[in-house]
Amino acid sequence: MDTRTVRIDEDIAVAVYRFPTEQIEADGTLEWDWTTAVVVRVGAGGEFGLGWTYGSPATAEVVSVHLAPHLGNKSPFDIAGCWETMHRACRNIGSKGIAALAISAVDIALWDLKARLLAVPLATLLGATRERVPVYGSGGFVNLHEDQLSEQVGGWLAAGCRAVKIKIGEGRGDCIERDLERVQQVRKLIGPDVRIMVDANGGYTRGQARRVGQELDRLGVVWFEEPVTSDDRTGLAAVRDAVRCDVAAGEYVYDGYDAAALVDVVDCLQLDVTRCGGYTGFLRGAAVAGAHGLDVSAHCAPSLHAPIAGAVTDLRHIEWFIDHVRLEPLLVDGVPEVSDGELAVPLDEPGHGMRIAAAAADYRLR
C-alpha cells in the first residue's frame, strides 16, 4: 500500500444508540436509567475504523456538522494533523464538553482505521509492552439496597478483582452516616486482601470531604475519587493534604491543559479516552502525568481502554464499570475479556478488533 495516496472517505457515518439500565442508578449528584453511545465509522483505502463515546446525542451533530467536513481527503496516517484540524474547527463552539466527546470518538476511529490499514493490532501500533492490565470492579450505586450491593461485589470478586469501588456522597453529602455504613458493608464482604475505593462524584463540601476522608482512612479505603468537584482544585488539594488515601480526579479532563491543572492536586490522574481527545489525548495526558511522577487510571469504557492500557507503562488500572460491562457486548462484537482481575490487551486482530454487533440494531436511535 502506498500510504502517501490513501485518503479518508468524505462520508463519515455517525449513529446513536441508547441502552437502558436494569433499574434507576444514582451517584452522589445524578441519577439515570439509560446510557447513550455515539458511534463513528471512518473509512479509507477500503477499510473502516470504529470509535465511540458516551454522551448526549448532540455529540453526533458535532461530528457531522463541525468535524466530518474537515476530514475528507486527509491522510488517515496523519492522526495528529487530523486531531489539530478537529480541535481548530471547534473554536467557535468551544473545544471542551460535547465537542471533546466528538473529537474523541473520531480520533478513536482514526487510530483503529490506521491500524487496520497497516494490518497490525492497535495495541501494537500504540506500543504495547504488556498483554494484561488490572481492572477494578466499579458501580455500587447509592440507591442500591444491601443485597444488591452484595451481589455486585460478589460478581467483582468472582472475576478476580483485587480492588472494588462504590459510590458515596449520597444526596450531595446529606447521608454521610449511610455512606460510611455501606463502606463498612463492603469491607466485611471483601476481606483484608481486596482494596476498597470510593467515588463521591463531587458530592461533598470541602469540610465534609475532609471529615469523611478521615473515617475512610480508618476503614482502610485506599482511593477517594472526586471528594469535591474536580473544578475545585483548591478543594482537592485541601482534601489531599488531610487524608492518607489517594485522592483521584480527571474523568472530565478534555485536553492537556486540563490534565496539567490537576497533576499537583491529585495522587493519581484519571483519563477517559472517550472524553479526553481519544487515544491522541490519552497519550498526551499520560505524558503530562508521567512528567509529574503520577500514575494514570483509565475511567470507564474498558473495551476502548484495553489497547492503549498496554502501552502506558504508568497506568495503574482500568475501571471495569458495571454499566459499560453490560453495554459493550450489546454494542460491539470482540469485547476483550476479564479473567483473574485483568483485562486482556487485544493483540490477535488488526485494529482494536471490535465491530458493531447485530444486537445493537435494537438499541439504535438514529
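Scope of the values below: all heavy atoms of this structure, side chains included, with no hydrogens, waters or symmetry mates. Position 1 is the first residue of the sequence; numbering continues from there.
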Counting N and O atoms only, with roles assigned by atom type, does the side chain of [X] sit under 3.5 Å from a partner on the main chain of [Y], one being a donor and the other an acceptor?
X      : Y      : answer
His292 : Leu294 : no
Asp217 : Arg244 : yes
Gln148 : His145 : yes
Glu328 : Ser303 : yes
Ser64  : Glu61  : no
Thr129 : Gly310 : yes

Legend entry - Test: Arg41 cationic atom under 6.0 Å from Trp52 six-membered ring centre, within 45° of axis: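 No, Arg41 and Trp52 do not form such a contact.
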Legend entry - Ring-face cation of Arg18 near Tyr363 (centre distance under 6.0 Å, axis angle within 45°): no
Inset, instruction - Hey, could you give me the CG/CZ distance between Leu50 and Arg116, rounded to the nearest 0.5 Å? - result: 7.5 Å
Inset, instruction - Report yes if the distance between the aromatic ring centroids of His299 and Phe321 is under 6.0 Å, otherwise no. - result: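 For His299 and Phe321, the ring centres are not under 6.0 Å apart.
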Inset, instruction - Measure centre to centre between the rings of Phe282 and Trp111, then say whether the value is under 6.0 Å. - result: no
Inset, instruction - Report the residue from Lys167, Lys165, Arg240 that forms a salt bridge (Lys or Arg N to Asp or Glu O under 4.0 Å) with Glu225. - result: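 Testing Glu225 for a salt bridge (Lys or Arg N to Asp or Glu O under 4.0 Å) against Lys167, Lys165, Arg240 leaves exactly one candidate, Lys165.
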Legend entry - Verdict with supporting geometry, Arg172 and Asp27, salt bridge (charged side-chain N to carboxylate O under 4.0 Å, His left out): CA-CA 9 Å; Arg172 293 186 176 270; Asp27 57 30; over 6 Å; no
